[in-house]
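Taking it in order: structure first as structure tokens, then the write-up.
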2 protein chains.
Amino acid sequence: MKIAILGSAIVGKTLAGKIASLGHDVMIGTRDPAATRARTAPGSFGDPPLSAFLAEHPSIGLGTFAEAAAHGAMVFNATSGLGALEALKLAGAANLDGKVVVDLSNPLDFSKGMPPTLSVCNDDSLGEQVQRAFPGAKVVKTLNTVNANLMVAPGTLAGGDHTMFVCGDDADAKATVTGMLKDWFGWQDVLDLGGIAMSRGTEMYLPLWVRLYGALKNPMFTIKVVR
Amino acid sequence: MKIAILGSAIVGKTLAGKIASLGHDVMIGTRDPAATRARTAPGSFGDPPLSAFLAEHPSIGLGTFAEAAAHGAMVFNATSGLGALEALKLAGAANLDGKVVVDLSNPLDFSKGMPPTLSVCNDDSLGEQVQRAFPGAKVVKTLNTVNANLMVAPGTLAGGDHTMFVCGDDADAKATVTGMLKDWFGWQDVLDLGGIAMSRGTEMYLPLWVRLYGALKNPMFTIKVVR
């Protein structure tokens, strides 16, 4: 399947690497491919610069946000929350129309110090903003509650006995994404919260996530909904 | 131990009943004890009116917020989030000074429809507001992430294999509350998030809680932090 990954930081690379390893045709989208390729410094989490990553994953393409979105039959938004709407605008509504857009971004605002606040919450969410800005896209919010490594390998923690959430307004798109989470990554417990407005719930969990990270000193944790 | 429970709704009654059953000397505090006692309608969750509850629990006293707070060596704030600061003001700073105040309240605002929004979040929290308003009290935020029945009987769900959070600025008060959670109620996994500002994390989990309740149609659930 042709897949677009918007965003070339740790989340984008981790997703791209895993999805390409399954045999899919992956293109990473970034604002300025030449500048991204020229960068030699490691990422914020000590992850290799994109050029090194691409050298190790020769099947993965790199293009502008628009080129990647045009390439993908399914589009992953793995940009930072504050840059998400702008990145998707550069991707272009025409390149998103009718497609499943998997939105992983969280509206984390680090500008006021740590732990970060949310730039939108309570009576709106980034998931809803994305859906409103691109009404032709089938936005499904998911994977935003875990670290990048857990996203694609939930089984590495407690044998995968924990919960992932999906929400979105299009039932078929949610079914597609739920299947992908299970078949591609190995998620076992995928809980459908409802429409895209339910993004408020999972995005507002992030303030607890960052505090749990502070308490546990290790990002390889998540929650299981015990019921 | 002498215990004050501020609030006579389902959470207050559930806590009072359990704590009194352990042999503690419990007084429930309410705004107008005579009016509360005269009410004959069941509570919002079909729970019996307080008069019926008190008739079944003759050892439990009823007083004003101030009388109850004066009685308690430990004070539970089990009022509704929007009424919490006013109830504690009526309880009186002098009756809270130096005491452990267990704050269970959530700033849920139902005035804008369902699911509720939060009246404070993101850059402040109700836990912090309570601590700032009563600097002499040792406020510990806990139990606000679960249904009343689970608060006092975590073992009834999955054998108690799930997580409760505590936060607060006073380490001794947190240790006291952690011991109480384990010894009185049977909580097994109590996770210390840090100071009272960490209330932002657990209160902002509530928007996910209400959506999970909507999806699961049953309030007897909670989360386990898998790590």
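Letters A, B, ... mirror the listed sequences (proteins, then strands); counts begin at 1.
For B/Arg227, the CZ atom sits in a packed shell: over 12 heavy atoms of surrounding residues, nucleotides or ligands are nearer than 6.0 Å. More than 12 heavy-atom neighbours from other residues, nucleotides or ligands sit within 6.0 angstrom of CZ on B/Phe110.
The closest side-chain heavy-atom distance from A/Lys224 to B/His162 is not below 4.5 Å. Counting heavy atoms from C-beta on, the side chains of A/Leu118 and B/Met204 come closer than 4.5 Å. Considering only heavy atoms from C-beta on, A/Val225 comes within 4.5 Å of B/Leu216 through its side chain.
Residue A/Asp109: no heavy atom, backbone or side chain, is found under 4.5 Å from chain B. Only the backbone of B/Asp161 comes within contact range of chain A, judged by heavy atoms closer than 4.5 Å. There is no contact between A/Asn218 and chain B, counting heavy-atom distances below 4.5 Å. Both the backbone and the side chain of B/Leu212 have a heavy atom closer than 4.5 Å to some heavy atom of chain A. For a residue to count as touching a neighbouring chain, one of its non-hydrogen atoms must lie under 4.5 Å from one of that chain's; by this rule B/Leu191 touches chain A with the side chain only. With a threshold of 4.5 angstrom between heavy atoms, A/Met198 approaches chain B through its backbone and through its side chain.
Most heavy-atom pairs under 4.5 Å with chain B: of the set A/Cys121, A/Ala158, A/Pro116, this distinction falls to A/Cys121.
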Can A/Leu193 and B/Leu208 be said to form a side-chain contact (heavy atoms from CB on, under 4.5 Å), step by step?
-> CA-CA 9 Å; A/Leu193 292 174; B/Leu208 180 57; 3.9 Å; yes
Take B/Val226 and A/Leu157, measure what side-chain contact (heavy atoms from CB on, under 4.5 Å) needs, and give me the verdict at the end.
-> CA-CA 8 Å; B/Val226 181; A/Leu157 177 68; 3.9 Å; yes
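A/Asn122 places no side-chain N or O within 3.5 Å of a backbone atom of B/Thr117 that could act as its donor or acceptor partner.
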